[in-house]
Student: 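Quick one: this structure, given as structure tokens, is what I'll be asking you about.
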Amino acid sequence: MNNFSPEQVLIEAKALDYQLGKELKERYEKQKVPIRIIESHNRVKWAEEMSPAQLYQQAKETLVVGVKKTLRFKSCQPSADYRLVTSTSCPGKCEYCYLATNLGPAVYVRVYVNLAEILEAVSKHIKKSDKKITTFEASSSSDPVAVEHITGALARMIEFFAVRDDARLRLATKFTNVDSLLDLEHQGNTKFRFSINADYVIDNFEGNTPNLKARIEAAQKVQRAEYPLGFMIAPIMIFEGWQQQYQQMLERLAANLTVSASEELSFELISFRFSTRAQNLITARHPQSKLDFNKEERHHKGFGKYVYQEKDMQELKDYFTTQIKKYFPQAKIEYWT
Ligand code: SF4
């Protein structure tokens, strides 16, 4: 799969005061990609009225270059202590994406040019923290690997954390654009988690993302480069033949990774869930979606949120616990939800 290449680029005027802002403008001018200067990356105005489906498609092909003004760090449990945001949204078109739902019309791919200021704020925040090691999650608002070829931000973050003994970085990705990160001095302070799933889920619901084979190859490279490594299996779904497909997925993973190092590996397991708001937006954006929103077969958790029924949840949890133990006896399951 090729790296993301936008159909149009919108640049916040203030971003042009930064080196990266200028470079991106030049780069896309050379490539003859249409560029528009805008007032604010938060409030993009589109030229024409569009349906939710059209707006989603256009937004996902648009790169917005901005300056991140809010330099506060929100909590990010259970993954890490705080969120570290250097981009928002991503070029992937996963139908179930909670981020795409939360962002609403602002689902366009955004990168921030003031990375030095963001990292300075991180330093100050770590100083204020009462923890011995403060952890930051780089994927709470985007997939940072998906835009790394545009900003190089992840490389700078990895190097920033490499020289700190009081902080760690974590990131999750479905993308495979990792080559530029392999030779960095990381000191084991950045952990990669690859988001993987059964072929059925990837093929039907994870548009514009690399396939399982490519994700496993990228994980292999990251493991060889001695980064701490983990996997997120999310969202875990029940579909015809799910046991067989998830088993094949784990088999393929085990066959391609150094299992002897599996005590270093972690798994995060997240079952499929949705809210009524998400369902409405997803079906408006993806009218042909095959996502299973059957509320009759779900447990209503309140606040319009639906998860699998208790007996199904137990079956899934037992299944994954047993299978992961079989293929990766030393690996740690960090959480199931
Ligand atoms: Fe959302 Fe992640 Fe898919 Fe991007 S790759 S659309 S952030 S789920």
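First listed ligand is number 1; within each ligand, the first listed atom is number 1.
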Student: Could you walk me through whether F192 and Y227 pass ring pair (Phe, Tyr, Trp, His ring centres under 6.0 Å), step by step?
Tutor: CA-CA 7 Å; F192 279 75; Y227 281 98; 4.8 Å; yes
Student: Is the F267 ring parallel, tilted or perpendicular to the F328 ring (thresholds 30°, 60°)?
Tutor: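 Tilted, since the angle between the ring planes falls between 30° and 60°.
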Student: Which class fits the ring pair H125 and F73: parallel under 30°, tilted 30 to 60°, perpendicular over 60°?
Tutor: tilted
Student: Sorted by first residue and then second, give each side-chain hydrogen bond (donor to acceptor under 3.5 Å, both in side chains) pair with at least one member in residues 142-161; sequence neighbours left out.
Tutor: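 Of all non-adjacent pairs touching residues 142-161, those that pass side-chain hydrogen bond (donor to acceptor under 3.5 Å, both in side chains) are S87-S142, D143-T173, H149-N177.
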Student: Going by the ring-ring contact (aromatic ring centres under 6.0 Å, His included) test, which pairs reach into residues 159-185, not counting sequence neighbours?
Tutor: F136-F161
Student: Using the test ring-ring contact (aromatic ring centres under 6.0 Å, His included), find all partners of Y112 that sit at least two apart in sequence or belong to another chain.
Tutor: H41
Student: What are the protein N/O/S atoms, named by residue and atom, that sit under 2.8 Å from atom 1 (Fe) of ligand 1?
Tutor: C97 SG
